K.L.:
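Quick one: this structure, given as structure tokens, is what I'll be asking you about.
Side-chain atoms are counted along with the backbone in the values below, which use heavy atoms only and exclude waters and symmetry mates. Count residues from 1 along the sequence. Everything numeric here is computed off the predicted structure, so don't read it as measured data.
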Amino acid sequence: MKKEVAARGVDLISLGIGDPDQPTFPHIIQALAAAAARPANHCYPDYEGLLSFRAAAASFVEQRFGVALDPETEVISLIGSKEGIANLAVAFVDPDDIVLVPDPGYPVYGIGTAFNGGTIYRMPLTAENGFLPDLAAIPEEVARRAKLMWIGYPNNPTAAVATSEFFADVVAFATRHGIIVAHDNAYSEIYYDAPPPSLLATPGARALGIEFHSLSKTYNMTGWRVGFAIGNRELIAGLGKVKTNVDSGVFQAVQEAGIAALSGDQAPVAGMRALYRERRDLLLAGLARLGLNAQPSRGTFYVWVRVPSGFTSASFTAKVLQEIGVVITPGSGFGAAGEGYVRFSLTVPQERLREAVARLETLKL
Ligand SMILES: Cc1ncc(COP(=O)(O)O)c(C=O)c1O
């Protein structure tokens, strides 16, 4: 439909994808340029990552989340967190294992499960529960057979954040049933209130938890493909066993740039948060004038909005695209429980967002 509308000559504004519009910070690019020139970096990297990169990741995590890690056994580099999320299933999901997956959610959790013969059990995220899964609603039989549970906060697509109390409930539930907990923390630095916590700061989490981190959204580095996982050493070792057999790690020059990102000045990240806040508030105000009262996002650069009555996720997305040339994402694309919502992404410059808001206000609902 996008192609069709573009072919009519409409100037499309895409609020559809989660890819930052701002460039990578200059000190990171400079670190890459210097590192790329060093011949030592032209060889195969180790799949687990340079120890210096893992140490920089550990030290970032300790400062930011108060979680102390052994960089040798509790940290592994990733070719973007998506790679690790998909490979975790290769490591731990066997045919007929149940994997608990949030709905709506980042599609890779379920796809990794399906590719490895696992069975998906969807945990609905509803507004009534603050977009946190209701653990008490998971049937005993399902919990008993479950191998792995996926959660991710700040949450894509609902823009919710989790509390330490929720993580404590998850750890208690998983301990009781012998379930691995995988927490996707790719948006940890994109928040609007208090800095969101790490699952691994929860007592008991290190016995069964693994957490995925990404440099993509924090430092505007989606194209660079670098992230890391931290957590229980057996889980890190299992992921490493897969990686050593299927990939050859992250280009070392990119890891050196990653060190510059993680150990350098974090002020530019605070600048990005301020920019996203401005955009979020601009969009929320426009939606409110249209009669759509969305909950302010607590984290991520998305806004999760209930569609007006009489519409489905798909029909509202189609109307917005066809009538005003604005691309948004139907919530149903993230799972059946996303029906009735759409997701707006804040990754366009202010003037484009202002134009999108002006166009939204012309919609007849
Ligand atoms: C929730 C979530 N997790 C993980 C990722 C993957 O990010 P990357 O592979 O760039 O680290 C994304 C990317 O959009 C995401 O939205």
K.L.:
Using modelled atom types and a 3.5 Å cut-off, is there a donor and acceptor pairing between side-chain atoms of Thr113 and backbone atoms of Gly118?
P.N.:
no
K.L.:
Between Arg144 and Glu141, does any NZ, NE, NH1 or NH2 come within less than 4.0 Å of an OD or OE carboxylate oxygen?
P.N.:
yes
K.L.:
Between CZ of Phe25 and CG of Asp265, what distance do you get to the nearest 0.5 Å?
P.N.:
9.5 Å
K.L.:
So does Arg273 have more than 12 non-hydrogen atoms from other groups sitting under 6.0 Å from CZ?
P.N.:
yes
K.L.:
Using only atom types and a distance under 3.5 Å, with no angle test, would you say the side chain of Arg279 pairs donor to acceptor with the backbone of Leu346?
P.N.:
yes
K.L.:
When you look at CD of Glu234, are more than 12 heavy atoms from neighbouring residues, nucleotides or ligands closer to it than 6.0 Å?
P.N.:
no
K.L.:
State, to 0.1 Å, how close Thr222 and Asp19 come at their nearest heavy-atom pair, and which atoms those are.
P.N.:
OG1-OD1, 2.6 Å
K.L.:
When you check the gap from the basic side-chain N to the acidic O, do Asp96 and Lys147 get nearer than 4.0 Å?
P.N.:
no
K.L.:
Treat each ILVMFWY residue as a node, draw an edge where side-chain heavy atoms are under 4.5 Å apart, and state whether Leu148 and Leu208 are in one component.
P.N.:
no
K.L.:
Who passes side chain to side chain contact (heavy atoms under 4.5 Å, CB included) against Val342, sequence neighbours left out?
P.N.:
Val305, Val307, Phe316, Thr317, Ile328, Phe344
K.L.:
Find the distance between CD1 (Ile180) and CG (Leu100) and round it off to the nearest 0.5 Å.
P.N.:
11.5 Å
K.L.:
Do NZ/NE/NH1/NH2 and the carboxylate oxygens of Glu83 and Lys243 come within less than 4.0 Å?
P.N.:
yes
K.L.:
Report yes or no: do Leu199 and Phe212 belong to one cluster of Ile/Leu/Val/Met/Phe/Trp/Tyr joined by side chain heavy-atom distances under 4.5 Å?
P.N.:
no
K.L.:
Over 60° means perpendicular and under 30° means parallel, so classify the ring planes of Phe131 and Trp304, tilted if in between.
P.N.:
perpendicular
K.L.:
Is it true that a side-chain atom of Lys319 and a backbone atom of Leu365 form a donor plus acceptor pair closer than 3.5 Å?
P.N.:
no
K.L.:
Which atoms form the tightest heavy-atom contact between Pro296 and Leu284, and what is the distance?
P.N.:
CA-CD1, 3.7 Å
K.L.:
Checking Asn129 side chain against Thr126 main chain: does a donor-acceptor pair fall under 3.5 Å?
P.N.:
no
K.L.:
Are more than 12 heavy atoms, taken from residues, nucleotides or ligands other than Glu351, located less than 6.0 Å from that residue's CD atom?
P.N.:
yes
K.L.:
For Ser198 and Glu211, test the side chains for any donor-to-acceptor distance below 3.5 angstrom and give the result as yes or no.
P.N.:
yes
K.L.:
Is any side-chain N of the basic residue among Arg64 and Glu189 closer than 4.0 Å to the acidic one's carboxylate O?
P.N.:
yes
K.L.:
Spell out, yes or no, whether Val326 and Leu363 are grouped together once hydrophobic residues are joined by side-chain heavy atoms under 4.5 Å, including indirect joins.
P.N.:
yes
K.L.:
Please report the shortest heavy-atom distance between Gln252 and Ala40, naming the atom on each side.
P.N.:
NE2-O, 3.4 Å
K.L.:
Please lay out, stage by stage, how Gln295 and Thr158 fare under the test side chain to side chain contact (heavy atoms under 4.5 Å, CB included).
P.N.:
CA-CA 10 Å; Gln295 284 295 319; Thr158 69; over 6 Å; no
K.L.:
Do Arg298 and Tyr192 have side-chain N/O donor and acceptor atoms under 3.5 Å apart?
P.N.:
no
K.L.:
Atom CG of Leu282 and atom OH of Tyr276: how far apart are they, to the nearest 0.5 Å?
P.N.:
14.5 Å
K.L.:
Look only at the side chain of Asn116 and the backbone of Gly112, and say whether a donor-acceptor pair between them is shorter than 3.5 Å.
P.N.:
yes
K.L.:
When you measure from the side chain of Asn232 to the backbone of Gly209, do you find a donor-acceptor pair of N or O atoms at a distance under 3.5 Å?
P.N.:
no
K.L.:
Within the side chain of Asn220, is there an N or O that forms a donor-acceptor pair under 3.5 Å with the backbone of Pro20?
P.N.:
no
K.L.:
As a quick check of understanding, evaluate side chain to side chain contact (heavy atoms under 4.5 Å, CB included) for Tyr153 and Leu132, giving each step before the final call.
P.N.:
CA-CA 9 Å; Tyr153 296 94; Leu132 302 172; 3.6 Å; yes
K.L.:
Let me confirm one number: the CG-CG distance from Leu321 to Leu12, rounded to the nearest 0.5 Å.
P.N.:
6.5 Å
K.L.:
Take Glu72 and Glu48 through the side chain to side chain contact (heavy atoms under 4.5 Å, CB included) test and state the conclusion after the steps.
P.N.:
CA-CA 9 Å; Glu72 301 228 32; Glu48 77 271 25; over 6 Å; no
K.L.:
Please identify each residue that fulfils side chain to side chain contact (heavy atoms under 4.5 Å, CB included) with Gln266, with sequence neighbours left out.
P.N.:
Phe60, Tyr219, Val269
K.L.:
Can a donor-acceptor pair be found, under 3.5 Å and without considering hydrogens, that links the side chain of Thr175 to the backbone of Val171?
P.N.:
yes
K.L.:
Between Ser313 (side chain only) and Tyr341 (backbone N and O only), is there a donor and an acceptor less than 3.5 Å apart?
P.N.:
yes
K.L.:
Among Leu32, Asp46, Asn41, Leu50, find the residue that satisfies the side-chain contact (heavy atoms from CB on, under 4.5 Å) test when tested with Gln255.
P.N.:
Leu50
K.L.:
Examine Phe228 and Ile28 and state if one hydrophobic cluster contains both, with Ile, Leu, Val, Met, Phe, Trp and Tyr joined whenever side-chain heavy atoms are less than 4.5 Å apart.
P.N.:
yes
K.L.:
Among Ile79, Leu78, Val250, find the one that has a side-chain contact (heavy atoms from CB on, under 4.5 Å) with Val226.
P.N.:
Val250
K.L.:
Assess whether atom CD of Glu339 is packed by more than 12 heavy atoms of other residues, nucleotides or ligands within 6.0 Å.
P.N.:
yes
K.L.:
Please list all pairs passing the ring pair (Phe, Tyr, Trp, His ring centres under 6.0 Å) test where one or both residues lie in residues 91-121, with sequence neighbours left out.
P.N.:
Tyr106-Tyr109, Tyr109-Trp150
K.L.:
Can you tell me how far the CG atom of Leu287 sits from the CG atom of Leu360, to the nearest 0.5 Å?
P.N.:
6.0 Å
K.L.:
Does any N or O in the side chain of Thr347 come within less than 3.5 Å of the main-chain N or O of Ile17, such that one atom is a donor and the other an acceptor?
P.N.:
yes
K.L.:
Atom OG in Ser77, atom NE2 in His213: separation rounded to 0.5 Å?
P.N.:
14.0 Å
K.L.:
Under the criterion side chain to side chain contact (heavy atoms under 4.5 Å, CB included), I'd like the reasoning laid out for Ile151 against His183: C-alpha separation, chi angles, the key distance, then a yes or no.
P.N.:
CA-CA 5 Å; Ile151 49 175; His183 179 230; 3.8 Å; yes
K.L.:
Any link between Tyr187 and Ile210 through a network of hydrophobic side chains (Ile, Leu, Val, Met, Phe, Trp, Tyr) touching at under 4.5 Å?
P.N.:
no
